[in-house]
Amino acid sequence: MTAANNSSAGVLKQTLDTFKATAKLGRTFWVCNAIYMLDGAAYFGILNILTLFLGQSVGMSDRWSGLSVSYFTGLVTFFSATLGGVADRLGVRRTITITILLALVGRAVLTLAPSLPAGNVISWVGLTLMAVSAGALQPAVYAGVKQATNKETSAIGFSLLYALMNGGIVLEAFASSLVRERWQTTGVFWMCTGITLLYLLVHLTLFPSSAGAPVPAAPPQPGEKRSLRDHALFNPRFLFFIFVLLGVRTLFAHQWLTMPDYVTRAYPQEVGARFEWINGLNPLIILFGTPLVAAVTRHVNVVTMMVVGTAVSAGATFLLVPGPDLTALLAYVIIFSIGEAMWSSRFLEYVAEIAPPDKVGVYMGVAQIPWFVAKFTTGLYSGFMLESFCPAEGAKNTGTMWLIYALVGISSPVGLMLGRKWLLRGSLAHKGETQAAAA
């Protein structure tokens, strides 16, 4: 047997052993996965057509729809960065119970908003409750999975969590189009509210009562001194890395701020009616593509993958510049998703590399700030751009709109390329310090 065959056999055996380890994962792990998968389906089921619902059912203008969605997604990221410690204090089980109840009430209130007085205000109440829920649920589920896994099963555990969540989005995207065709966007929102009730029942009946207890606070270390200069906000290399991605992150925000109205307005009715199916290609590609790309490129430097991946995602947007074309639209979604699979999973890897060992959590939280900025600021102008270049009635000039968005997006790989050597020095220096400390 050749060395290549020995290597392949070793990789195959290691992969099989990893999947065999899932048999050791208990009920807490699988309940957390079920909750996260169903919540992902309900969350993205609403988010993907939220601008349509606010415009068609609630009666908001394009500008107010964009601002409302931006307000919601910005709050989600803000609460994700600030409510991570709730599960440590209240315990995973109690935190998940509270967050699902908030999501259930928020989604019901949002769905009822068109039939209630002051529907615009009621919509914002529902969106706020949903944002608090989403912001606290994600870290609670991650904490539950961490408690349910060990060193042997941690990697496969978190991979399954991410994969199954995307699987839930794919299934919802298929069902959403059929439901919306018969019962409009309100019918989809009631479906998502029903999904929320389903995983609340799953949680209350199946989550072990003995699991998910509060985590005791770690005792302070003798002689430990803290300085503001140790904080992530004072690390210029880290700040450059996370904020240079603002351009490409705006393209993600346009997936729910711009794309629903663009497809339903600029394309034939039969294409607009199947918008969710087109949008569902993204999580489908991410579901299978992310682990595959990670395996193939595991020896490629993180910064290099960030440059290439963001260039692919941003570059795909130029396909929409010539004007509405179904083939170009499908190619855009596929290529954009491949780029996302290349860089999104490597982002947190670089953050973890550059962060001091005892401050990884702080760095991860601060890393959410640019995502919050991208979600919020994109909504400030997306409605205006739709009214100007892709109005519900009248002449359209969608090519100009997408050219502007593509140029904004391409600023990220250009910035990463210009700062590549500096970023690499920071990553390598930190690795050297870690290795020296371990020696």
Side-chain angles (χ1 to χ4, degrees), residues 77 235-259 281-283 285-286 289-290 292-322 328-354 363-364 366-378 381-382 385 399-428 430:
T77 308
N235 186 324
R237 188 178 277 108
F238 169 71
L239 292 178
F240 171 81
F241 176 72
I242 62 175
F243 276 99
V244 78
L245 296 172
L246 266 175
V248 76
R249 287 198 183 280
T250 63
L251 298 179
F252 281 84
H254 285 302
Q255 302 308 303
W256 56 79
L257 286 168
T258 302
M259 195 59 70
L281 288 172
N282 174 265
I285 292 171
I286 296 302
T290 301
L292 178 61
V293 171
V296 173
T297 64
R298 63 189 183 275
H299 297 306
V300 180
N301 180 270
V302 174
V303 178
T304 300
M305 288 303 300
M306 294 293 300
V307 172
V308 176
T310 54
V312 171
S313 287
T317 312
F318 287 98
L319 293 172
L320 302 177
V321 173
L329 176 64
L330 294 174
Y332 158 77
V333 174
I334 292 170
I335 296 173
F336 180 91
S337 302
I338 291 173
E340 179 185 350
M342 295 173 70
W343 77 265
S344 59
S345 64
R346 308 302 291 268
F347 170 73
L348 295 179
E349 182 180 343
Y350 182 85
V351 175
E353 281 186 359
I354 200 172
Y363 273 67
M364 291 296 185
V366 174
Q368 296 294 322
I369 294 176
W371 190 211
F372 165 79
V373 174
K375 288 179 178 179
F376 182 76
T377 57
T378 305
Y381 62 81
S382 63
M385 296 290 284
T400 300
M401 177 179 71
W402 287 114
L403 176 61
I404 294 171
Y405 291 164
L407 292 175
V408 172
I410 208 71
S411 66
S412 290
V414 171
L416 284 168
M417 179 66 74
L418 293 175
R420 183 175 181 274
K421 291 184 179 179
W422 184 50
L423 292 171
L424 283 173
R425 283 200 300 272
S427 177
L428 294 173
H430 177 65

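What you see below is based on every heavy atom in this structure, not just the backbone, and it leaves out hydrogens, waters and symmetry mates. Predicted model only: the values in this text are computed from it and were never measured.
Smallest separation of non-hydrogen atoms from P413 and G409: CD-O, 3.4 Å. Scanning both residues, A328 and L320, for their nearest heavy atoms gives O-CD2, 4.3 Å. In terms of heavy atoms, F241 sits closest to V244 at O-CG1, 3.3 Å. For the residue pair A406 and A314, the shortest heavy atom distance occurs at CB-O, 4.5 Å. Contact between G247 and S412 at its shortest, heavy atoms only, is N-OG, 3.3 Å.
Checking side-chain atoms of T250 against main-chain N and O of T378 turns up no donor-acceptor pair under 3.5 Å. Put simply, the side chain of S337 never gets that close to the backbone of I285: no donor and acceptor are under 3.5 Å apart.
A donor-acceptor contact closer than 3.5 angstrom links the side chains of N282 and E340. In this model, a donor atom of one side chain and an acceptor atom of the other lie less than 3.5 Å apart for R420 and T304.
Aromatic ring centroids of W402 and F318 lie 6.0 Å or more apart. Aromatic pair F336/F252: ring centres closer than 6.0 Å.
With a 4.5 Å cut-off on side-chain heavy atoms, M401 and T258 count as touching. No side-chain heavy atom of W343 sits under 4.5 Å from any side-chain heavy atom of M305. Put simply, the side chain of L251 reaches to within 4.5 Å of the side chain of Y405, judged on heavy atoms. Residues R249 and T310 form no side-chain contact, since every pair of their non-hydrogen atoms from C-beta on lies 4.5 Å or further apart. Taking 4.5 Å as the limit, every side-chain heavy atom of L403 sits out of range of all side-chain heavy atoms of T317.
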Going through the checks in order, is the side-chain contact (heavy atoms from CB on, under 4.5 Å) test met by L329 and M259? CA-CA 10 Å; L329 176 64; M259 195 59 70; 4.1 Å; yes
